[in-house]
Number of protein chains: 2
Amino acid sequence: MKKADLYATLRARILDLSLAPGGALEETALCETYGVSRTPLRETLQRLAGEGFVTLAANRGAAVSSMDLPVIRSLMQTAPMIYAAIARLAAENTTPAGINVLKSTQRSFRKAVEQADAGQMAIHNHRFHEAIGEMAASPYLMPSLKRLLIDHTRMSQRFYNARTRAEQKTIRSACDQHDAMIDAFVQRAPAHAVALTLDHWALSRDGIERFVAPPPLPLDPTQEIKDAV
Amino acid sequence: MKKADLYATLRARILDLSLAPGGALEETALCETYGVSRTPLRETLQRLAGEGFVTLAANRGAAVSSMDLPVIRSLMQTAPMIYAAIARLAAENTTPAGINVLKSTQRSFRKAVEQADAGQMAIHNHRFHEAIGEMAASPYLMPSLKRLLIDHTRMSQRFYNARTRAEQKTIRSACDQHDAMIDAFVQRAPAHAVALTLDHWALSRDGIERFVAPPPLPLDPTQEIKDAV
DNA sequence: GTACTGTTTTTTGTATACATCGTGTGTTCA
DNA sequence: TGAACACACGATGTATACAAAAAACAGTAC
């Protein structure tokens with residue numbers, strides 16, 4: 001496997017949680033798995049560390065970046081401001097190329113929604129919001145956006161694994177919001193883009209909150225069985 | 001030289017412009033200069049790339065991150081929002097340890113101002129604002145703050161090399177503002193901290209603007225000499 | 001039984017040799 | 001004379017061997 005593929009693979013596996021947050025990353029093990037020597041692997045880890053995917057400790061190796069409670073709190077606090085700022089800039093800096101990327105990514109996202117493929121949904125949603133960031137062309141906001149998206153995507157894995165009909169409806173709403181956002185960009189309407197972005201965030205935030213604080217177990221755990229009988 | 005020192009040295013030399021923005025960084029040359037082999041050097045470059053100090057191109061080596069006009073525009077646009085958000089969070093999350101770091105850094109900064117040492121001023125000012133970011137404890141804003149500080153510090157190099165009395169007075173004002181900001185943190189006054197931060201930014205922004213758009217040459221370049229005679 | 005210490009083993013950090021890629025220069029042919 | 005191709009050189013990318021540090025373990029003393 002080549003270095004670029006290695007980078008993409010590790011990145012994807014961190015985003016879809018198949019590499020668990022906080023999990024240790026041993027160099028020799030990863031080398032065997034992906035068929036590269038330690039030099040390029042270590043350089044890839046350094047790069048991933050710079051982007052916030054992994055955390056390095058001197059003489060103690062790498063670990064997948066963790067997602068503890070203070071971090072989630074911080075995400076809730078920061079995300080709306082950054083997402084809104086990015087949306088405004090993107091609407092002001094619309095480019096035909098950028099719009100095309102958004103449209104094709106959105107097509108892939110919608111397909112994943114129709115096929116109920118959680119992993120693909122997460123990836124294409126991630127890419128969609130990253131593409132908005134690229135169109136915003138703000139080198140100083142991009143690093144924070146990318147950091148946010150890493151953890152936002154990881155937390156959304158559960159969100160996309162929708163069980164109930166209500167949850168599935170929520171996902172379709174989110175998908176429609178993407179289309180509305182593209183429209184706002186095409187019309188170069190910053191205020192509208194910001195408003196839609198905040199709605200979109202509200203939807204996502206509710207999903208995360210339901211994951212962090214799920215509905216409590218029934219007081220009588222046997223109730224369901226009794227009902228069935 | 002050890003890897004940690006190498007990182008610190010390269011970082012400092014980029015910040016104080018002794019490594020010019022856009023300048024190429026050849027691996028073998030750097031190895032000779034700092035007495036390390038290519039493996040740790042390359043890993044250091046990867047790390048610096050992740051933090052925005054250098055830019056890597058595949059098969060084409062590293063270069064110090066450039067500072068062109070679009071980037072400066074973007075800095076002007078982004079800095080107030082991020083600095084203000086960080087100031088607010090820092091005021092809300094004040095810690096004794098954080099305050100101590102700020103106070104000791106500010107002492108070093110003031111000393112540099114008194115000694116008119118531009119390089120030290122830039123370094124300690126950088127550290128001061130980084131320490132505010134650490135106290136804000138916001139993993140998602142920190143990356144953007146660090147990106148901003150890199151270019152803000154580099155652009156300020158000229159600012160700190162004050163020629164006129166007016167400029168020197170401006171620097172002393174900036175130094176006093178630091179003390180006022182520390183007070184606002186100690187009193188846990190977020191709104192006040194934000195207001196002071198925006199004043200501080202305005203001062204710095206004027207300095208940068210004077211550097212980007214310096215006063216035009218006198219229409220008659222010989223005027224000064226004539227006056228002197 | 002527990003705590004401490006010395007040794008073993010595993011894991012990370014570094015140096016060096018080799019492979020590969022990009023670039024510049026020189027030659028050849030139209 | 002100009003353009004295009006081939007070769008050589010220099011730089012980056014990769015593999016491997018060795019050094020150093022940390023962790024795991026066993027043994028002994030208390």
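Keep in mind that this is a model prediction, so the values were computed, not measured.
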Residue-level proximity of residues 2-13 of chain B to DNA chain D when a heavy atom falls under 4.0 Å: none

Between [N] ([atom2]) and [X] ([atom1]): distance, integer Å:
X	N	atom1	atom2	answer
Arg42(B)	dA11(D)	CZ	P	14 Å
Tyr34(B)	dT14(C)	OH	P	17 Å
Leu41(A)	dT11(C)	CG	C1'	13 Å

To the nearest 0.5 angstrom, please state how far the [atom1] atom of [X] sits from the [atom2] atom of [Y].
X	Y	atom1	atom2	answer
Gln157(A)	Asn161(A)	CD	CG	7.0 Å
Ile82(B)	Ile82(A)	CD1	CD1	4.0 Å
Ile14(B)	Thr9(B)	CD1	OG1	11.0 Å
Met1(B)	Thr33(B)	CE	OG1	9.5 Å

Main-chain N/O of Ser18(B) paired to Asp16(B) side chain as donor or acceptor, under 3.5 Å: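 Yes; judged by distance alone, with no hydrogens or angles, the pair exists.
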
Short side-chain to backbone donor-acceptor contact, Ser204(B) and His200(B), under 3.5 Å: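 Looks like no, no N/O pair under 3.5 Å.
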
Test: Glu51(B) and Arg47(B) ion pair at under 4.0 Å: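 Looking at Arg47(B) together with Glu51(B), the answer is yes, because their closest N to O distance falls below 4.0 Å.
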
Strand contacts (DNA chain C) in residues 52-62 of chain B, 4.0 angstrom heavy-atom criterion: Asn59(B), Arg60(B)

Positions of residues 25-33 of chain B (non-hydrogen atom under 4.0 Å from DNA chain C), listed by number: none

Just the table, please: protein N/O against nucleotides 15-18 of chain D N/O, every pair under 3.5 Å.
from, atom 1, to, atom 2, distance (Å)
dA15(D), OP2, Ser37(A), N, 2.9
dA15(D), OP2, Ser37(A), OG, 2.9
dA15(D), N7, Thr39(A), OG1, 2.9
dT16(D), O4, Thr39(A), OG1, 3.2

Can you give each donor-acceptor pair under 3.5 Å made by side-chain atoms of residues 119-128 of chain B, sequence neighbours left out, with the distance rounded to 0.1 Å?
from, atom 1, to, atom 2, distance (Å)
His124(B), ND1, Gln120(B), O, 3.1
Asn125(B), OD1, His129(B), NE2, 3.3
Asn125(B), OD1, His178(B), NE2, 3.1
Asn125(B), ND2, Tyr160(B), OH, 3.2
His126(B), ND1, Thr153(B), OG1, 2.6
Arg127(B), NH1, Glu130(B), OE1, 3.1
Arg127(B), NH1, Glu134(B), OE2, 3.4
Arg127(B), NH2, Glu134(B), OE1, 3.3

Neighbour count above 12 (heavy atom, 6.0 Å) for Gln115(B) CD: yes

Just wondering, do [Y] and [X] contact through their side chains at under 4.5 Å, heavy atoms?
X	Y	value
Met155(B)	Leu75(B)	yes
Arg88(B)	Glu92(B)	yes
Thr94(A)	Val186(A)	no

side-chain hydrogen bond (donor to acceptor under 3.5 Å, both in side chains) partners for Glu27(A), two or more places apart: Arg38(A), Arg42(A)

